[in-house]
Amino acid sequence: KRLQKELLALTKDPPVGVKVNTDEITKKLSEWTVDIEGAQGTVFEGERFQLQFKFGSRYPFDSPQVMFIGPNIPLHPHVYSNGHICLSILTDDWSPALSVQSVCLSVVSMLSSCKEKKRPPDNALYVKTCSKNPKKTRWWYHDDSV
């Protein structure tokens, strides 16, 4: 029920640069693909990215699994080349008050604050050793300067 309300709200009145791919959702409400655009005036301006949301049965009490998918994974210090995103609201700081829309806005904001396109310093090791599910990673949130 909550997911249906969120989908309706996002479809009717999406934030700037955010678009839900509703064709795929009709098959499976627990998995969404959301298109986002880099904000104007940022290093990602004009670029398009795809976020995949996977909702477990405990959503909204448990955060969705969110990662970048597709051919264009942003070059960002908090985004690994496999699409995993190091963003505290996706794990430790998740709250049932958050929504797909607020997650999308947080990701756009994270991308917008980027000054230099580069991968996290431990990208190669992380991608080689991580779980397929980014929620199983124990993230260290130590760098807020990016």
Treating Ile, Leu, Val, Met, Phe, Trp and Tyr as nodes and any side-chain heavy-atom pair under 4.5 angstrom as an edge, say whether M110 and V18 lie in one connected cluster. yes
Would you call the rings of F53 and F55 parallel, tilted or perpendicular, taking 30° and 60° as the class edges? parallel
Around atom NZ of K118, are there more than 12 heavy atoms of other residues, nucleotides or ligands at under 6.0 Å? no
Considering only NZ, NE, NH1 and NH2 on the basic side and carboxylate oxygens on the acidic side, decide whether E6 and K1 come within less than 4.0 Å. no
For residues V107 and F68, report the shortest heavy-atom separation together with the two atoms involved. CG1-CZ, 3.6 Å
Taking the side chain as C-beta and beyond, is there a heavy-atom pair between F49 and D35 under 4.5 Å? no
Between H76 and L111, is there a side-chain heavy-atom distance shorter than 4.5 Å? yes
Hydrophobic cluster identity match, M67 and I36, side-chain contacts under 4.5 Å: no
Pairwise side-chain contact, V108 with V16, heavy-atom cut-off 4.5 Å (strictly under): no
Under 3.5 Å, side chain of H84 to main-chain N/O of K135, donor-acceptor pair present? no
A side-chain contact here means heavy atoms from C-beta on lying under 4.5 Å apart; do P120 and C86 qualify? no
Count the heavy atoms of every other residue, nucleotide or ligand shown that sit under 6.0 Å from CD of Q40, and state whether that count exceeds 12. no
Can you name the nearest heavy-atom pair linking T42 to G38, along with the distance? OG1-C, 4.3 Å
Residue pair Q4, L29: steps toward the side chain to side chain contact (heavy atoms under 4.5 Å, CB included) verdict: CA-CA 8 Å; Q4 288 171 325; L29 193 61; 3.6 Å; yes
Between E31 and Q52, which heavy-atom pair has the shortest distance, and what is it? OE2-NE2, 3.7 Å
Give the minimum heavy-atom separation between R2 and L98, together with the two atoms involved. NH2-O, 2.5 Å
Could you pull out the closest heavy-atom pair between S99 and Y59, with the gap in Å? CA-OH, 3.9 Å
Side chains of V43 and E116, heavy atoms from C-beta outward: is any pair under 4.5 Å? no
Is a donor from one side chain sitting under 3.5 angstrom from an acceptor on the other, for D122 and Y80? yes
Can a donor-acceptor pair be found between the side chains of N21 and T33 at a distance below 3.5 Å? no
Start with the C-alpha gap between K19 and R48, add the side-chain angles, then the distance that decides, and say whether side chain to side chain contact (heavy atoms under 4.5 Å, CB included) holds. CA-CA 11 Å; K19 181 179 179 284; R48 294 177 184 272; over 6 Å; no
At what distance, to the nearest 0.5 angstrom, does OG of S30 lie from CG of L3? 8.0 Å
Does the side chain of V100 reach to within under 4.5 Å of the side chain of W32, using non-hydrogen atoms? yes
Decide whether L75 and V79 are clustered together by the hydrophobic rule: side chain heavy atoms of Ile, Leu, Val, Met, Phe, Trp, Tyr closer than 4.5 Å, transitively. no
Is there a path of hydrophobic side-chain contacts, each under 4.5 Å between heavy atoms of I, L, V, M, F, W or Y residues, that connects L87 with L105? no
Rounded to the nearest 0.5 Å, how far apart are SG of C114 and CZ of F44? 4.5 Å
With heavy-atom distances below 4.5 Å as the criterion, would you say the side chains of N82 and P134 are in contact? no
Look up atom CG in L90 and atom OG in S106, then write down how far apart they are to the nearest 0.5 Å. 8.0 Å
Heavy-atom side-chain proximity of L51 to I85 below 4.5 angstrom: yes
Exercise: identify the closest heavy-atom pair between S81 and I73: O-CG1, 3.9 Å
